[in-house]
Amino acid sequence: MKPKRFDKRGAKGDHLSIVRRKKELKELEKREIAQLTARYDHVKIDEIQSFADMPLSQKTQRGLAECEYFVPTEIQRESVILGLRGFDVLGAAKTGSGKTLAFLLTLDGLGALIITPTRELAVQIYQTLVNVGKFHDFSAGLLIGGKELEFEKDRLDVINIVIGTPGRLLHHMDQNPLFTCVNLQILVLDEADRCLDMGFEREMNAIIENLPPTRQTLLFSATQTKKVKDLGRLSLKDPKYVSVHEHEKYKTPEGLTQSYMMIEQHDKLTMLWSFIKSHPKQKIIIFFATCNQVKFVFDVVCKLRPYNTLYCLNGKIKQEKRMDTYQSFCRKQHAVLFATDLASRGLDFPEVHWVIHADCPEDVDTYIHRSGRTARYFKGGESLLLLNPSEKNFIEMLETNRIPITEIKVNPNQLVSPQAKISAFLAKYPELKASAQRAFVSYCKSVFLMKNKSVFDFNSIDTAKFASSLGLVTTPRVRFINRAEKSKSDGKTKPHEKISENGVKNSDTFHFMSDDDDSDDGVLKMKRVNHKLEEMNIEEEKEEEVLEMPAPKHHVVTKAKIAKRILKKNISANKKVVFDDEGQQILDRSKVKATEAGKSYEEAAECGINIDEAKKVMLEEDKFDRKLFREKLKAKRKMNKIKLKEEARERRGLPPSDNVEAADSDGDAESDESGSEPDLSWLPDPDKVYNRDSDHENEDSGTEEIDSNVKRRKLENPSEDEVTSDDECLGLNKREQEELALKFLSSKKKLSS
Ligand SMILES: Nc1ncnc2c1ncn2[C@@H]1O[C@H](COP(=O)(O)OP(=O)(O)OP(=O)(O)O)[C@@H](O)[C@H]1O
């Protein structure tokens, strides 16, 4: 093959034609934009039938058609046109009504910053943007945390549409010189009310400070914020409020069937288990108040092995796993997802049949968002709210907020309690028990911290029954609450009374890191923070709630303390373990107890000696030693017998028996048939140890005596069955037996003289 000649002129010629072509395209685009812009003011919103009627670029139109979006939804029709005209927009529409596309179409290729409360939602928006904007030249990027900061940093200067979560965005603004927003044209807040609420307050204020004031701002949510305070922070200019469903009868989608069930907290697990078991062919999301509950219930249900595929999603799970779970659950037709409110906003899981609120949502907005994970884009779906009897006021709140909901009753015949199994699991798996304890404490705490005391009443929960429903034998202490109650009764602080109705002044608010909800980059704080608990160090409390975990307090650790700890834990330091040739551990009986009584005595004895108990234990241990001694002796005798037998066979000129065990015809079922001589050297002489005579009254003492007496009897009365059979088994004839007896007697006489 001939090498290709490099034609400099040709290359230059190509390059020039590419530059020319690019210029032409830019010109065309400019002209198109000018024509479109001219149309913005003349488009009649009511006359828009399809996306083709909207003043959108050809590239966007092609992208929409490829994704099979032809007819705009109400919110898309109204808000896109206003957005294109350059207005700030507050877009409000029911869940699943297409708000994402509504703000993405407004960008139509412009430089923008989109802020969302969760990473999953950011990824979902990114995917929609990439699909619809397929023919555009813009580059979009995700700044969501859970990924290498450097990875994101290096790509930022080539990105003109950024989608991110507040924590991570702020991180880049603070530390990355490549991330500048001076040319930002549009700021979008998806789930605006959530982005602006107290959980993100610090981050959002800092981000907004970094943005140019001349930008356009779009806010979207199914529960749009209208608070003057929130909107004031964004310095909106003559914003247009687009609320397409405001005058509809209900706030929730038409296809959504909503019901509630009154059920005690301690019956919920039974209810959930029965529901999961009886709905194997459904796609279900079950919402809980805290991460720890999600984790525990997920683990326990996995162990109960239903037919359903199970997933769990919460802020404590690592980013990669979270994304995997999100994608997998999207793909599945039938599955159960256990989740915190991390999954309640914006996520567009296809074809969800059921949303179960296992715990009462903290407010009506959360209820709307959770329920909105089903019945999306004109489809049907069911929502079931499980309420403790004390939470019945929540129904009134739903009704006054135009949410239709009906009561359904539990059919006790259909309930299958998993409690016995759960208790067994907890006994078997200590980590599951710790998880149950954490779930218990987290739930109690979340109820206690809820703002709306007309719905959430911690004292109405039967904590003992609730703990036992989680398989716990004892009710864990919730020290945080105990202390809060105590200080309340002391009159120091009145946490519930000092809650302000309309949010709290920053200086008054006690923020603490959330362990149990949708933490983003570890900076998201609980929404339920407006409790004035300044008397208590809540950070410290959070350490305490983790039961059976060492509290990481920074005290000076002295040697004496370490020794005490070791003593407490019953750990023997530098313990020497000896093994025999067969790898069996040789126990030092002077240090280790062998009987059950001995072991439990040692476990129970924390300090001092209980003389009576110790006596009893010593007797037990003594009995055990003697029994062991007899067994070993028996084994030794048997070996001797076999040896004698073999010798006799040899004398008679018979070949040695190949099966030693078979040759031992007086077979002792319990004896150990090992061929080696037992080593009895380790056994202490019990009489020496306990300073007793051999003819002590104890029925087990004097083993040697009894044996020799038996022997003597046997020899004196050879007609007895035992002797005959014994001798027969030795394989001796009469003469040999007599010889042996005489030998034995003469040796005995010698010994006695
Ligand atoms: N014009 C359209 N034609 C067909 N499908 C659409 C259209 N607009 C949106 N959808 C589909 O409707 C579903 C819901 O859209 P989207 O997630 O934007 O809802 P949303 O209003 O943002 O809901 P939420 O309030 O829960 O965030 C998505 O699956 C989306 O693909």
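Remember, it's a predicted structure, so these values are computed and weren't measured experimentally.
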Original post:
Is there side-chain contact between Leu398 and Val364, with heavy atoms separated by less than 4.5 Å?
Top reply: yes
Original post:
Is the number of heavy atoms from other residues, nucleotides or ligands within 6.0 Å of CZ (Arg62) greater than 12?
Top reply: no
**OP:** Quickly, which of Val188, Asn131, Ile114 forms a side-chain contact (heavy atoms from CB on, under 4.5 Å) with Leu104? Name it, please.
**Re:** Ile114
**OP:** State, with a plain yes or no, whether a side-chain heavy atom of Met173 is found less than 4.5 Å away from one of Cys181.
**Re:** yes
**OP:** Applying side-chain hydrogen bond (donor to acceptor under 3.5 Å, both in side chains), name anything that partners Thr225, two or more places apart in sequence or on another chain.
**Re:** Asp230
Original post:
Just how far is it from atom CD1 of Ile356 to atom CG of Leu337, taken to the nearest 0.5 Å?
Top reply: 12.0 Å
**OP:** Kindly indicate, with the supporting measurements, whether the criterion salt bridge (Lys or Arg N to Asp or Glu O under 4.0 Å) is fulfilled by Lys99 and Asp190.
**Re:** CA-CA 9 Å; Lys99 292 184 288 296; Asp190 189 21; over 6 Å; no
**OP:** Output all residues satisfying ring-ring contact (aromatic ring centres under 6.0 Å, His included) with Phe275, sequence neighbours left out; order by chain, then residue number.
**Re:** His279, Trp354
**OP:** Before giving the answer on salt bridge (Lys or Arg N to Asp or Glu O under 4.0 Å), spell out for Arg370 and Asp341 the whole-Å C-alpha distance, their side-chain angles and the decisive distance to 0.1 Å.
**Re:** CA-CA 7 Å; Arg370 281 181 178 182; Asp341 285 319; 2.6 Å; yes
Original post:
Who are the salt bridge (charged side-chain N to carboxylate O under 4.0 Å, His left out) partners of Arg331, not counting sequence neighbours?
Top reply: none
Original post:
Heavy atoms, side chains only, cut-off 4.5 Å: are Gln124 and Glu120 in contact?
Top reply: no
Subject >> Non-neighbouring partners of Tyr241 that pass side chain to side chain contact (heavy atoms under 4.5 Å, CB included), sequence neighbours left out >> reply: Leu90, Ala92, Gln224, Lys226, Ser243, Glu246
Original post:
Using a distance-only test with no angle check, is there a side-chain donor-acceptor pair under 3.5 angstrom linking Ser57 and Thr60?
Top reply: yes
**OP:** With sequence neighbours left out, write down each residue that passes ring-ring contact (aromatic ring centres under 6.0 Å, His included) with Phe349, or none if nothing qualifies.
**Re:** Tyr326, Phe329
**OP:** Decide, yes or no, whether a salt bridge links Asp88 with Lys240 under the criterion of side-chain N to carboxylate O below 4.0 Å.
**Re:** no
**OP:** Not counting sequence neighbours, which residues clear side-chain hydrogen bond (donor to acceptor under 3.5 Å, both in side chains) with Lys321? List them please.
**Re:** none
Original post:
Do Ile403 and Ser371 have side chains that get closer than 4.5 Å, going by heavy atoms?
Top reply: no
Subject >> Ion pair check, Lys283 and Glu351, cut-off under 4.0 Å >> reply: no
Subject >> Results of ring-ring contact (aromatic ring centres under 6.0 Å, His included) for Phe220 - residues two or more places apart only >> reply: Phe103
Original post:
If you measure only the distance, is there a donor-acceptor pair under 3.5 Å linking the side chains of His357 and Ser383?
Top reply: yes
**OP:** For His369, check ring-ring contact (aromatic ring centres under 6.0 Å, His included) against everything at least two apart and list the hits.
**Re:** none
Original post:
Picking from Thr95, Asp193, Thr366, what satisfies side-chain hydrogen bond (donor to acceptor under 3.5 Å, both in side chains) with Arg345?
Top reply: Asp193
Subject >> Heavy-atom side-chain contact between Lys251 and Asn401 under 4.5 Å >> reply: yes
Subject >> Close side-chain approach of Thr325 to Cys312, heavy-atom, < 4.5 Å >> reply: no
Original post:
Side chains of Pro166 and Ile207: closer than 4.5 Å at any heavy-atom pair?
Top reply: yes
**OP:** Just grab all the salt bridge (charged side-chain N to carboxylate O under 4.0 Å, His left out) pairs involving residues 69-86, residues at least two apart or on different chains.
**Re:** Asp41-Arg85
Original post:
Which salt bridge (charged side-chain N to carboxylate O under 4.0 Å, His left out) pairs, counting each pair once, include a residue from residues 25-37, with sequence neighbours left out?
Top reply: Glu29-Lys59
**OP:** Return the set of residues passing side-chain hydrogen bond (donor to acceptor under 3.5 Å, both in side chains) with Glu248 (not counting sequence neighbours), or none when no residue passes.
**Re:** Lys94
Original post:
Listed by chain and number, what are the side-chain hydrogen bond (donor to acceptor under 3.5 Å, both in side chains) partners of Asp324, not counting sequence neighbours?
Top reply: none
